[in-house]
Amino acid sequence: MPQLTEKRILLGVTGGIAAYKAAELTRLLVKAGAQVRVVMTQAATQFVGAQTFQALSGKPVITDLWHDADNGMAHINLSREADLAIVAPASADFIAKLALGLADDMLSTLCLARTCPLLVAPAMNKQMWDNAATQRNIAQLTTDGMVLIGPAYGEQACGEIGAGRMLEPADLCAAIVAHFAPRLLAGKCVLITAGPTIEKIDPVRAITNLSSGKMGYAVALAALEAGASVTLISGATCLTPPAGATIVNVVSAADMLNAVNQHVATADIFISVAAVADYRPELAHEQKIKKSSDTFTLNLIPNVDILTQVAQRPQPPFCVGFAAETENLIANGTAKRQRKNIPLLVVNRAQDALGSDSNEVTLLDDHGAHALARADKLSIARQIIQHLANLYKELK
Ligand code: CTP
């Protein structure tokens, strides 16, 4: 079932170039099953036509406080009907209005009259974002209970680079889905490892693997959505960490082990998604190794198996392992789960998973094997979190 079925969402669009992205957000929300009512400021209509939003939402778009067909009560009725309101993009000017509680157009009046939660997705030039007045207004919105999503850092329409970009429509949609997600892990501390490790040979060479970290980061986001407090111990990746997680960056398997040991005592759940190197060079040379015409032999010694060690603690957290196998997935996964003595193991085909944005996995637990259909990694992560939350409740 689509994740936003029957949810009524009020989408406020204010004047900024990111208004065109609000059209895509409307499409994504409708696709997820939501009923979307769009309210535009006059400035927003300078960037995108109301017809665009009307076509995408299938509902009339409201732009005017004074000409509503609802007996002058649209600002009350619309806000009462909504389960959630979001302003995306929210210009610096509109954020200032929200901070002051002004109500001089339909959107600001709706925001003031609403009883539902309000998410605000800022979009502006970086100087405007950094300006003390904007920062003061933002702090006020948070104090008043509005939820800020973004902004992102990156290249801006004006050509400058910095903070102030609106989050991408898919990220805004994910934040809205998260808002409605059941808080299955509320109050739980979840420790997650993700990404590859790098084992140094000398100052310029290393052994690593092809893990992108995408699955681990998706699991961290899904755990946050489920209400957990999340610590993400990450090997080197190119990914933006999920907002709200505590991030610990590590390089080698030994670093990862240290970081896990520092955080594991307070964890209720440990999810080991990282592709930890099984071996490291016996000696990491201090100087660059010079080539010769001889065969070169590198001695490797085993790394500690972090997951096994955590599972062997006197009072272990609920442990979840991941296994990337190239053949005999279920048999190898089942043996691995028993060997590591953990309640849940997620197995996938290494060739399918590495670096990809989607994945197809099977969950192995005491009840047997549960196959999940191929989907994007965040959808898979959400299903894993749901499954582990049920199992956790059953076992604890
Ligand atoms: N793992 C770990 N520490 C290691 C190696 C693996 O914590 N030194 C964890 C991984 O994060 C994963 C699980 O163990 O959750 C399985 O990892 P995998 O590499 O598939 O299994 P291995 O035990 O290394 O066995 P093999 O490489 O022989 O398949």
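Just follow the structure's listing: the first ligand is 1, and inside any ligand the first atom is 1.
- Looking only at side-chain heavy atoms (C-beta outward), I271 and F322 come within less than 4.5 Å of each other.
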- Can Y217 and S234 be said to form a side-chain hydrogen bond (donor to acceptor under 3.5 Å, both in side chains), step by step? CA-CA 9 Å; Y217 277 53; S234 176; 2.7 Å; yes
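- There is no protein heavy atom less than 4.0 angstrom from atom 28 (O) of ligand 1.
- The protein does not reach atom 19 (O) of ligand 1 closely, with no heavy atom under 4.0 angstrom from it.
- Formation of a donor-acceptor pair under 3.5 Å by the D268 side chain with backbone atoms of C189 is found in this model.
- A distance-only check finds a donor-acceptor pair linking the side chain of T208 to the backbone of T197 [under 3.5 Å].
- The option from T197, N303, V304 that lies nearest to atom 8 (N) of ligand 1, judged by heavy atoms, is V304.
- With respect to atom 17 (O) of ligand 1, the closest heavy atom belonging to the protein is F322 O, 3.6 Å.
- Regarding atom 10 (C) of ligand 1, its nearest protein heavy-atom neighbour is A274 O, 3.5 Å.
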- Message: The test is side-chain hydrogen bond (donor to acceptor under 3.5 Å, both in side chains); show your working for T134 and N131 and say whether it passes.
- Response: CA-CA 5 Å; T134 304; N131 190 292; 4.9 Å; no
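- Which parts of ligand 1 touch A323 is read off a 4.0 Å heavy-atom cut-off, strictly below it: atoms 20 (O).
- The nearest protein atom to atom 23 (O) of ligand 1, hydrogens excluded, is given as K340 NZ, 2.6 Å; this is a heavy-atom distance.
- For K291 and F296, the positive end is not near the middle of the six-membered ring at less than 6.0 Å and at most 45° from its axis.
- Among all non-hydrogen protein atoms, the one lying nearest atom 15 (O) of ligand 1 is S272 O, 2.6 Å.
- Of all protein heavy atoms, the one closest to atom 7 (O) of ligand 1 is L307 N, 2.8 Å.
- The shortest N or O to N or O distance between D278 and ligand 1 is under 3.5 Å.
- Here the protein heavy atom with the shortest distance to atom 4 (C) of ligand 1 is V276 CB, 3.5 Å.
- Residues H370 and Q383 bring no donor and acceptor atom of their side chains to less than 3.5 Å of each other.
- Ranking protein heavy atoms by distance to atom 26 (P) of ligand 1, first place goes to K336 NZ, 3.8 Å.
- Atoms of ligand 1 found under 4.0 Å from any heavy atom of G321, numbered from 1 in the order shown, are 15 (O).
- For the pair R114 (side chain) and C116 (backbone), a donor-acceptor distance under 3.5 Å is present.
- With respect to E24 and K21, no salt bridge is recorded, no charged nitrogen being found less than 4.0 Å from a carboxylate O.
- Given atom 3 (N) of ligand 1, the protein heavy atom at minimum distance is I306 N, 3.0 Å.
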